[in-house]
Every structure is written in structure tokens, then in C-alpha cells.
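Here is the structure we will look at, set down as C-alpha cells.
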Amino acid sequence: MMINIRQCTFEDLYKLQEISYETFNETFKHQNSPENMNAYLEKAFNVKQLEKELSNVSSQFYFVYFHNEIAGYLKVNTNDAQSEEMDDDSLEIERIYIKSTFQKRGLGKYLLDKAMEIAIEQNKRIVWLGVWEKNEKAIAFYQKMGFVQTGIHSFYMGDEEQTDFIMSKTLI
Ligand SMILES: CC(=O)SCCNC(=O)CCNC(=O)[C@H](O)C(C)(C)COP(=O)(O)OP(=O)(O)OC[C@H]1O[C@@H](n2cnc3c(N)ncnc32)[C@H](O)[C@@H]1OP(=O)(O)O
């Protein structure tokens, strides 16, 4: 099989840190200062933080493999692991990141389908996510996947306040 998916465990901590840094950096370094990028990377992906997230029963991480190489990852949250106050019948896609060399091969859709599958299994009604308003590529991808904008919220990249679009999809 060309494409495989596997749920991450505690043992994957350092691999997870590596792909988190790499993909975040290549996605956002062109539109943000090095200071703000470093501040965010250190805060979001330090070992203690990732340990905490990996041990949260309401969060799940998955690696997607392309020809046996880690090509990207998915993080989903339910209940109080969601990064916004949301009802218990919703699931958050907190991160879908595909390494640039593996993009446009269907892997992002593969991870998104996985998230939808988890939501259905857990009887959720809404799948939602936050995406930076300037991340046009990801917004186009989520629109293509049937998500619509349902709100906004702000977050900090270092000391800069930025706006995320909240996008959602309702399951039948
Ligand atoms: C909640 C968050 O995580 S927000 C941050 C999202 N992640 C990032 O920005 C990280 C960098 N980007 C990526 O990782 C990827 O580009 C993703 C996740 C946005 C898309 O993943 P990819 O593997 O490249 O997309 P994939 O090949 O699965 O494409 C699926 C469909 O979306 C469409 N699509 C993908 N990218 C785009 C785009 N830039 N513009 C329009 N349509 C697009 C494809 O054409 C495809 O449509 P099709 O099924 O009709 O052929």
C-alpha cells in the first residue's frame, strides 16, 4: 500500500516534534518574523507540551505514511481538549499538516477523511477547525472538502495577534 495511517503513541514523541516543527516552519516562515515563529514553535511543540497532549485521552494524533515515510500528521480533539469552548457533540481538527514534498497527492484528504470517520464513530454532529485567515491554500482545501466559515477567533503568533477563521461541517 502506498498510503498508510497509524495512531501515535508516547513512543512517537520525538518524531512528532520533528514533523510538527518542520511542517509549521515551511508553512508559515515566509509570512512571519523569525522571532514570532521561534516563540510559537517553542511554546506549541516543546517536549513537555507534546507529552501532555499525547497523554490526553480526548486528543488523538496520527501519522500518515507515503511509501513507508512519514509524510504528515493529524491531530483531533474532543470534549474539553478542544481549543475553543464547543459542545460535546463536536470534534476539532486541530492540525492537518502534510510535508510540502508530499502535498497534492491526496494525503490531506486522507487525513481529513480519517477525522470524519472518528467523528462518526463517536457520534459527533459537527467537525470544526481554526485556520489562519492568510492561509489561503488551506482555506481552499477545506472549502473543497465542504467546510464553511462559521466564525472567527484570534490567537497569538509570538506577540502578534492574528485572526483565525473557524470553519465547520455538519454531519448528518
Ligand atoms: C486546522 C489546520 O491544521 S489549519 C493548517 C492546515 N495546514 C497547512 O496549512 C499546512 C500546509 N499545507 C498542507 O499540509 C496541505 O497543503 C493541505 C493539508 C492544506 C492539503 O493537503 P494536500 O495533501 O496537499 O491536499 P490533497 O492532495 O489531499 O487535496 C485534496 C483536494 O483538495 C484540493 N486542494 C488541495 N490544495 C488546494 C489548494 N491550494 N487550492 C484548491 N484546492 C486544493 C485538491 O485539488 C484536491 O481536490 P480533488 O480531490 O478534487 O483532487
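As the structure lists them, so they are numbered: ligands from 1, and atoms in each ligand from 1. Because only heavy atoms are used, hydrogens play no part in the values below, and waters and symmetry mates are left out as well, while side chains stay in. It should be emphasised that the depicted structure is a prediction, and the values quoted were computed from it without experimental measurement.
Listed here is the closest heavy atom pair of A115 and V76: CB-CG1, 3.9 Å. Nearest heavy-atom pair across E26 and I98 is OE2-O, 4.3 Å.
Only the backbone of E94 comes within 4.0 Å of ligand 1, counting heavy atoms alone; no side-chain atom from C-beta on gets that close. Contacts with ligand 1 closer than 4.0 Å are made by no heavy atom of Y73, backbone or side chain. Residue contacts with ligand 1 for I96 involve both N, CA, C or O and side-chain atoms from C-beta outward (heavy atoms, distance under 4.0 Å). No part of L112 comes within 4.0 Å of ligand 1, judged by heavy-atom distances.
Looking at atom 32 (O) of ligand 1, its nearest protein heavy atom turns out to be F141 CD1, 3.5 Å. For atom 14 (O) of ligand 1, the closest non-hydrogen atom of the protein is I98 N, 2.7 Å. When only non-hydrogen protein atoms are considered, atom 9 (O) of ligand 1 lies nearest to N135 ND2, 2.8 Å. Of all protein heavy atoms, the one closest to atom 13 (C) of ligand 1 is Q103 NE2, 3.4 Å. Nearest protein heavy-atom contact of atom 11 (C) of ligand 1 is T27 OG1, 3.4 Å.
Using the six-membered ring where Trp is involved, F45 and Y40 have ring planes that are perpendicular, over 60° apart on the 30 and 60° scheme. Below 30°, between 30° and 60°, or above 60°: for Y73 and Y97 the angle between ring planes is below 30°, a parallel geometry. Taking the six-membered ring where the residue is Trp, F28 and F24 present tilted rings, their angle falling between 30° and 60°.
Q162 places no side-chain N or O within donor-acceptor distance of the main-chain N or O of S154, the cut-off being under 3.5 Å. Listed for the E92 side chain is a donor-acceptor partner under 3.5 Å among the backbone atoms of S83. Formation of a donor-acceptor pair under 3.5 Å by the N46 side chain with backbone atoms of E42 is found in this model.
The distance from the CD atom of E160 to the CE atom of M37 is 11.5 Å, given to the nearest 0.5 Å.
Checking only distances, R105 does come within under 3.5 Å of ligand 1, N or O to N or O.
The closest approach between a heavy atom of Y142 and any atom of ligand 1 is below 4.0 Å.
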What do the steps show when you test R6 against Y65 for side chain to side chain donor-acceptor pair (under 3.5 Å), and what is the final call?
CA-CA 8 Å; R6 177 173 72 79; Y65 291 81; 3.0 Å; yes
Could you walk me through whether N77 and E94 pass the side chain to side chain donor-acceptor pair (under 3.5 Å) check?
CA-CA 7 Å; N77 300 320; E94 190 180 350; 2.8 Å; yes
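Ion pairing between K15 and E18 fails under the 4.0 Å rule for side-chain N and carboxylate O.
Close contacts of ligand 1 with R95, meaning ligand atoms under 4.0 Å from a residue heavy atom, involve 3 (O). Close contacts between ligand 1 and K137 involve ligand atoms 16 (O), 38 (C), 39 (N) [criterion: under 4.0 Å to a heavy atom]. For ligand 1, the atoms sitting less than 4.0 Å from at least one non-hydrogen atom of A140 are 40 (N), 41 (C), numbered in the order shown with element in parentheses. Within ligand 1, counting atoms from 1 as listed, the ones closer than 4.0 Å to a heavy atom of I93 are 1 (C). Near M145, meaning under 4.0 Å from any of its heavy atoms, are these atoms of ligand 1: 30 (C), 31 (C), 32 (O). Close approach of ligand 1 to G130 is summarised as follows: ligand atoms under 4.0 Å from at least one heavy atom of the residue are 1 (C), 4 (S). Per-residue contacts place A138 under 4.0 angstrom from the following atoms of ligand 1 (heavy atoms of the residue considered): 6 (C), 9 (O), 19 (C). Close contacts between ligand 1 and L107 involve ligand atoms 23 (O), 28 (O) [criterion: under 4.0 Å to a heavy atom].
Remark: atom 44 (C) of ligand 1 lies closer than 4.0 Å to no protein heavy atom.
When K144, K104, K109 are checked for heavy-atom proximity to atom 37 (C) of ligand 1, K104 turns out nearest. Counting only non-hydrogen atoms, the option in G106, A115, G108 that gets closest to atom 21 (O) of ligand 1 is G108.
Evaluation of the ring-ring contact (aromatic ring centres under 6.0 Å, His included) rule for W128 yields no partner, not counting sequence neighbours.
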